[in-house]
Amino acid sequence: MLLGTVLVLLLLGSAGTASAHAALESTDPADGSVVKSAPRTLTLTFSESVALLDDSFRVYDPDNRRVKTSSAHHAKDAGDTASVTLPAKLGTGTFTVAWRVVSADSHPVSGAFTFSIGKPSATTAISTAPTEEPLTGSLYDIARYFAYIAAALLIGTAAFVVLCRPPDPSVLNKPIRMGWWTLLAATLALLVLRAPYEAGTGLATAFEPSALPKTLTSRPGQALAARLLLLAATAFFLLRLRGRERYGRVALGTGAALAIGLALTWASAEHASAGIQVPVAMTSAVLHLLAMSVWLGGLTALLTVLYRSPRLDAAPVARFSRLAFASVTVLVVTGVYQSWRGLGSWNALTGTSYGRILLVKLVAVVLLLVVAGWSRQWTGRLVESEVRFPVPELVRTGATGSTAESDGDGDRAADGEGPPNPGDDSKDEYQDQGKDRYRRGLRLSVLFEVGVGVVVLVITTLLTNTLPGRAAADAERTATSAGIPAASVTMVPFKVGNAGGKVQITLDPGRVGENSVEAVVYGPDGGFATVPELRLSFTLPAQKIGPLDAKVKDEGGYWGTNTLNLPIAGTWTMKVTVRTTDVDQVSVSRKVRIVR
């Protein structure tokens, strides 16, 4: 039942598109810009270092023919840039650039932009951007989910055996083996899928001869290879310890080192490896993953022991209760730091996808803590039942017999309502019934705790797939100051008689001051259309400015000008007049926001 729930959560979680984590800060030439002469290089600058692919750049001319370029490289050896050299003669018109790189935290990021040489022409980036294969990304995300769950099961169960010392540790051999084999299979799947995941291609490219060697030269590939080596060492270590009841300092130190090493294979290739305070962030990420594994994996181990060992005494449960409390403390401290590092501001908590997913995780964690408190109550009752016998506490023998309390209890016992007297043969049975009731309550609460914990783990994995709020805010601020996106695009539909169409109007940069205008007319079939006349004017009613005639001219394929001056920020009324014949014309108005 629990496995089915996990699979449903995994499939639902992988249905969405993963956001990339390196934000594009600027392009040279700028998006939507018009340059007088052909540039010799294209350069993109990102918010963090990126890895380049063989096909990182695709440049298309105005006729949608691919332009031959050099291989992608870092400009001036700066890791946060991607650059390509263009041929000397490009011609004029609008060129489209589709790009794809891999951010420092292992996630691919892609996009497209345009620039024009001499003057713009009718072209679009939509049809030339590479199509990403969704199946590859979904399978890769599912493998990542199973890797997290398997790590928690392997590390947490092993820690439970060593630190909580259950009376029959052999019942946990199967969960440990399951965690090890699942983590091995998930890691191999990630290694095989890494190349097509980065390139956004189909599964068939995973088996190309160059795919795996290329993956092993990247940091994510090297982290996965290191995880395989650590899993081999872990298997050898577990085989050597099989059957032992006590573990020396060397064994404990080796096990801790292997667990830390496994956690590092995640921290070295995800959010913590990029951005601010990388050493502190990686340390926090390792501690967070280990604490999560000890808590959630330990819960699974406790649940297994409770079902496999019905007469389990309270000592291992009490030890795990203390261990879980320490793990929760580490999770809270590291979680607060990672949330601050990822968000950057309170506004990002509700204004970004990262913040909204984090809020969902916080709600799930609060629910998990509530259920954990319920489990601690049952644990306390079970411990109390073993260290204090209820009847001897209430009955004291002496020369005069029982106290007033014992008399009352004795009367209730005689009536069949209270605990039996110390000499009653049914005392052990009464105490066992109480312990069994506490164990049943603990089993139920731990089962709920494991279920909510799996949900938290899935949300955490989704969070690692989302652009951090700090990076999103930085990219937005940089885009605003640098003009990316550089243009305001408005689609204006029109209808004259039985004919109609639409006009796509681009204002570049869509800010106060001088703007260039590009108006492309589309017919009813969506194709380019020519009209005998097109006029464009702007009015700012709030300031009683206008109408200002844009004075657009027919540039052969589109109508445009580079001399439109909009002096004040505000919501302008843009009036488009389209004449389709000598006698037929129509005027349509739209609101457009001009910023400073």
Side-chain angles (χ1 to χ4, degrees), residues 1-19 21 141-142 144-146 148-149 151-153 156 266 270-272 281 284-285 287-300 302-303 321 324-378 444-473:
M1 190 72 171
L2 181 60
L3 180 59
T5 304
V6 172
L7 290 175
V8 170
L9 288 170
L10 293 179
L11 292 174
L12 290 177
S14 63
T17 302
S19 300
H21 304 150
D141 287 341
I142 290 174
R144 291 179 69 246
Y145 297 147
F146 275 105
Y148 270 112
I149 293 174
L153 186 61
W266 274 275
E270 293 192 349
H271 281 315
S284 175
L287 292 175
H288 195 82
L289 180 60
L290 290 177
M292 176 274 298
S293 300
V294 170
W295 186 18
L296 297 185
L299 281 173
T300 305
L302 176 60
L303 188 63
S321 181
F325 182 81
S327 299
V328 170
T329 302
V330 174
L331 281 171
V332 169
V333 173
T334 56
V336 169
Y337 169 75
Q338 291 177 355
S339 298
W340 167 82
R341 183 175 181 267
L343 285 173
S345 68
W346 286 108
N347 292 334
L349 194 61
T350 56
T352 64
S353 296
Y354 184 91
R356 289 188 287 270
I357 296 175
L358 182 61
L359 284 176
V360 175
K361 179 183 176 180
L362 290 177
V363 172
V365 168
V366 170
L367 178 60
L368 184 59
L369 291 176
V370 171
V371 179
W374 184 24
S375 297
R376 285 180 65 84
Q377 290 180 5
W378 286 114
L444 182 61
S445 64
V446 171
L447 180 61
F448 279 127
E449 201 171 348
V450 170
V452 179
V454 170
V455 175
V456 172
L457 193 58
V458 171
I459 297 173
T460 301
T461 311
L462 290 174
L463 204 59
T464 64
N465 251 10
T466 307
L467 177 67
R470 183 187 295 271

(message) Does Val333 form a side chain to side chain contact (heavy atoms under 4.5 Å, CB included) with Tyr337? I'd like the steps, not just the answer.
(response) CA-CA 6 Å; Val333 173; Tyr337 169 75; over 6 Å; no
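Sorted by first and then second residue, the pairs that involve residues 287-299 and meet side chain to side chain donor-acceptor pair (under 3.5 Å), not counting sequence neighbours, are His288-Thr334, Trp295-Glu449.
Among residues two or more places apart in sequence or in another chain, the side chain to side chain donor-acceptor pair (under 3.5 Å) test is passed with Ser284 by Gln338.
Put simply, CG on Leu153 and CZ on Phe146 are 12.0 Å apart, with the number rounded to the nearest 0.5 Å.
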